[in-house]
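Working notes, structure below.
Protein chains get the first letters and strands the later ones, always in sequence-line order, with residue 1 at the start of each.
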Amino acid sequence: MNYWLVKSEPFKYSWDDFVKEGKSVWDGVRNYQARNNMMAMKKGDWVFFYHSNEGMEVIGLAEVRKEYFPDPTTEDARWVVVELIPIKKFAKTVTLKTMKADDRLSGLALIKQSRLSVTPVAKAEFDIILSLAE
DNA sequence: GCCAACGTTGGC
DNA sequence: GCCAACGTTGGC
């Protein structure tokens, strides 16, 4: 079991949109590192849902329902998507500020590679963020 | 294959 | 709105 974090600008696609649809095909990723992370996702992996730009916080937990397949929004065979389903919205969101201030999370890929839209989260980091969210 | 120019992301 | 970080493109 692995853990991940995906970013979305809430004006484009928010947690509420995600819940309303009940699932999401994570399309439009056009970055090799982000794509490689999606290709490493296994069914049942857990994924933090993060709001970038507005909010700047981890808002909920999702799960990988379908492993990677070709991105239906492009003819280009290089790009793939995964399908995610919402699990739960957190009682307390975890802000970027909180995560940056926590020494235990200094290695978080979200912080170190701030532009990457799909990042891995270590088990220890996952547990810490989850504990801050409840 | 190098690197300057350019575009995009996202925090502030 | 600004700009740092960084990925991509294209000329050489």
Side-chain angles (χ1 to χ4, degrees):
Chain A
M1 155 90 75
N2 285 307
Y3 307 91
W4 309 93
L5 181 146
V6 296
K7 293 201 276 198
S8 184
E9 296 181 52
F11 281 145
K12 288 182 185 164
Y13 191 80
S14 70
W15 172 262
D16 288 343
D17 296 329
F18 184 33
V19 170
K20 207 175 299 168
E21 291 176 11
K23 63 177 184 180
S24 178
V25 173
W26 211 255
D27 61 28
V29 172
R30 298 291 180 270
N31 171 284
Y32 288 110
Q33 254 186 292
R35 181 207 61 177
N36 292 345
N37 287 335
M38 289 205 296
M39 289 173 96
M41 288 184 187
K42 297 293 178 194
K43 188 175 178 182
D45 280 359
W46 279 343
V47 183
F48 284 133
F49 193 108
Y50 174 84
H51 277 170
S52 62
N53 283 314
E54 292 285 326
M56 295 185 284
E57 60 195 3
V58 177
I59 187 159
L61 182 65
E63 181 180 325
V64 178
R65 166 176 269 183
K66 280 190 193 158
E67 293 174 16
Y68 77 91
F69 56 96
D71 188 334
T73 66
T74 177
E75 297 289 301
D76 194 327
R78 291 176 299 170
W79 306 116
V80 303
V81 296
V82 291
E83 188 177 301
L84 304 177
I85 53 170
I87 301 296
K88 64 173 173 182
K89 187 173 183 173
F90 292 135
K92 288 186 292 182
T93 61
V94 183
T95 64
L96 183 65
K97 192 180 170 193
T98 299
M99 291 186 282
K100 278 190 163 175
D102 194 320
D103 289 342
R104 298 170 300 168
L105 297 175
S106 59
L108 201 63
L110 173 73
I111 295 168
K112 287 165 68 181
Q113 283 176 279
S114 64
R115 289 180 57 217
L116 193 57
S117 60
V118 181
T119 56
V121 179
K123 171 88 168 75
E125 295 165 343
F126 182 88
D127 289 343
I128 291 162
I129 294 169
L130 201 60
S131 73
L132 295 171
E134 293 172 324

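For the pairing with A/W26, the ring pair (Phe, Tyr, Trp, His ring centres under 6.0 Å) check across A/W4, A/F49, A/W79 returns one residue only, A/F49.
At a threshold of 4.0 angstrom between heavy atoms, the contacts of A/Q113 with the nucleic acid are absent. Within the nucleic acid shown, A/K100 comes within 4.0 Å of sugar-phosphate atoms alone, with no base atom in reach, counting heavy atoms only.
Between A/F90 and A/W15, the gap from one ring centroid to the other reaches at least 6.0 Å.
Pairs passing the side chain to side chain donor-acceptor pair (under 3.5 Å) check and including a residue from residues 50-61 of chain A, sequence neighbours excluded, read A/E9-A/N53, A/E57-A/T93.
Of all nucleotides in DNA chain B having an atom under 4.0 Å from a heavy atom of chain A, the first and last in 5' to 3' order are B/dG7 to B/dC12.
Checking A/D71 against A/T73 by side-chain atom types alone, a donor-acceptor pair falls below 3.5 Å.
Annotation: side chain to side chain donor-acceptor pair (under 3.5 Å) contacts of A/S106 (sequence neighbours excluded): none.
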